[in-house]
Amino acid sequence: MTRGRRGCGVAVGVLAAGVVLAATMTGCSGNSGAGATGASTAVDDTTPRAGCLPAGETRDSTSGPYGIGRSEITFGDTSRPTAASPRRGLPPHPDRTLPTVILYPTDAHPTDATIADAPAAAGQFPLVVVSHGVMSNGATFSAIVAPWVRAGYVVAAPTFPLSSGSGADITDLANQPGDVRFVTESVLALADPSQPVQGHIAADCLALAGHSMGAATTLEATYESSYLVPRVDAAIEISGVMAAMPGGTFDDAPAVPLLLLHGDDDPVVAVSGSQHAFEQLPGPNYFVTFRRADHNSLFTPPYKSVLDQAAITFLDAELKGAEPPRALLAALLDGSTVATLQVKDATH
């Protein structure tokens, strides 16, 4: 049985590999509730955020631009098994093996190229745990969001056991929020001095982000009752949809600020998926719709720079106590031929 807010749902049990969460969406309400795409509701989000950086750290001292350090570590969750995947020809496995790429700010060579095991920049930085889409992996998605690292964020990007690579199996979706939680806890608990990022993560400053199936994973991990990752301060959903899992519900979802980014010409996951999440989740929510963009073209010009600026503006506001994002996002998109903005205030 699938449970969730009325309007639009996805039953994971009937998803066929390759459909990528779109085909079984039913009853989406389109542009109801918050106004048509391109409109900004008249809300007041002008109250300054305190941010969650530890004492002594400020937005100014952690804003960069930095170089990008890179390390890799494999985490193994022995408390949860990985099911067999006939589609991939894989037998069951007694644990969840999660190779993870960690990108972090460094003062060495502040360029777009990553530097293996470079020393981390001084200070403590917010953590963003990112979830890749079907047939992708942590290394690929971490490279896509590397500009966020240059702006002063640590990014941890796991590769999920069954939804990654060739022959990806999307029936493992319900297990991925647990993977996100385990990787989050493991990164925060790093005590190995050989890991450059050890001691440079603000432990109480966390955002989750994801694309496609990774976006659905992010929404579950942030808002769905049975799958919540504790203490999430902000979430970013890219080209995703709310996927209600057995035993979970989006009713009484926590009021975690959400940025949604979606192309209006997406043939894989329709933009109505993000529109529904924007309307149904409690907010504050910020929805950037990219004109004539499809499922993956968001990561290419002319969209990519706007996506990165919107994401960094949102993260700076919610995690570093910068100016609230509504005015800055509106200014970013004012007169834009690339994207439009909707805003929804918190409803509870």
Side-chain angles (χ1 to χ4, degrees), residues 2-39 131-136 141 144 163 168 170-171 173-174 176 209-224 235-245 248 250 253 258-281 283 285-300 302-304 306-307 310-311 333 336 338-344:
T2 302
R3 291 181 291 173
R5 288 181 179 266
R6 293 182 62 186
C8 178
V10 175
V12 73
V14 299
L15 288 172
V19 176
V20 197
L21 302 178
T24 57
M25 288 179 58
T26 59
C28 290
S29 56
N31 290 334
S32 64
T37 301
S131 297
H132 64 77
V134 172
M135 295 189 291
S136 187
F141 195 48
I144 288 172
S163 67
I170 66 175
T171 63
L173 174 60
Q176 291 189 176
H211 173 242
S212 191
M213 184 169 169
T217 299
T218 294
L219 293 178
E220 287 177 33
T222 306
Y223 302 103
E224 194 172 0
I236 299 176
E237 180 257 52
I238 307 172
S239 306
V241 64
M242 293 165 64
M245 296 292 104
F250 288 101
L258 174 64
L259 174 66
L260 306 103
L261 305 155
H262 210 129
D264 65 7
D265 196 25
D266 189 333
V268 180
V269 180
V271 69
S272 56
S274 287
Q275 181 71 40
H276 176 256
F278 171 78
E279 294 166 2
Q280 295 297 314
L281 293 172
N285 298 333
Y286 308 88
F287 184 13
V288 178
T289 304
F290 292 85
R291 295 187 176 103
R292 297 178 294 280
D294 62 27
H295 196 61
N296 294 313
S297 62
L298 296 181
F299 304 132
T300 63
Y303 308 111
K304 181 60 163 58
V306 177
L307 183 148
L333 300 175
S336 173
V338 172
T340 57
L341 174 68
Q342 296 177 79
V343 181
K344 175 188 171 183

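Predicted model only: the values in this text are computed from it and were never measured.
Side chain of D264 to main chain of R292: a donor-acceptor pair is present (N/O by atom type, distance under 3.5 Å, no hydrogens or angles). A donor-acceptor pair is defined here as one N or O able to donate and one able to accept, closer than 3.5 Å; no such pair exists between the side chain of E220 and the backbone of M245. A distance-only check finds no donor-acceptor pair linking the side chain of N285 to the backbone of K344 [under 3.5 Å]. With hydrogens and angles ignored, the 3.5 Å screen pairs a side-chain donor or acceptor of T300 with a backbone N or O of S297. Judged by distance alone, the side chain of Y223 and the main-chain N or O of T218 form no donor-acceptor pair under 3.5 Å. Looking only at distances, no side-chain donor or acceptor of S163 sits under 3.5 Å from a matching main-chain atom of I170.
For the atom pair CD of Q280 and CE of M242, the computed distance is 6.0 Å after rounding to the nearest 0.5 Å. With values rounded to the nearest 0.5 angstrom, F299 atom CZ is found 6.5 Å from L307 atom CG. The structure places CD1 of I144 at 7.5 Å from CG of N296, a figure rounded to the nearest 0.5 Å. In this structure, OH in Y303 is found 13.5 Å from CG in L261, a value given to the nearest 0.5 Å.
Under the 30°/60° scheme for interplanar angles, the aromatic rings of H295 and H211 are found to be tilted. Using the six-membered ring where Trp is involved, F278 and F287 have ring planes that are tilted, between 30° and 60° apart.
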Exercise for the section: Would you check, one step at a time, whether the test side chain to side chain donor-acceptor pair (under 3.5 Å) holds for Q342 with T289? Expected result: CA-CA 8 Å; Q342 296 177 79; T289 304; 4.5 Å; no

Handout entry: Test side chain to side chain contact (heavy atoms under 4.5 Å, CB included) applied to S239 and L298, step by step
Key = CA-CA 9 Å; S239 306; L298 296 181; 3.4 Å; yes

Practice task
Might you work through the side chain to side chain contact (heavy atoms under 4.5 Å, CB included) test for M213 and V269, ending with a clear yes or no?
Solution key: CA-CA 9 Å; M213 184 169 169; V269 180; over 6 Å; no

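Taking every heavy atom of both residues into account, T222 and A235 meet most closely at OG1-CB, 3.8 Å. In this structure, G240 and A215 approach most closely via the heavy-atom pair CA-CB, 3.6 Å. Taking every heavy atom of both residues into account, S274 and L260 meet most closely at O-CD2, 3.5 Å. Between L259 and A311, the closest heavy-atom pair is CD2-CA, 3.7 Å. The heavy-atom pair separating L281 from A253 by the smallest distance is CD2-CB, 4.2 Å.
Contact annotation: the side chain of V271 never approaches that of D266 to less than 4.5 Å [non-hydrogen atoms, C-beta and beyond]. Residues L173 and T217 are in side-chain contact: their nearest non-hydrogen atoms beyond the backbone lie under 4.5 Å apart. In this structure the side chain of R291 reaches within 4.5 angstrom of the side chain of T340, judged on heavy atoms.
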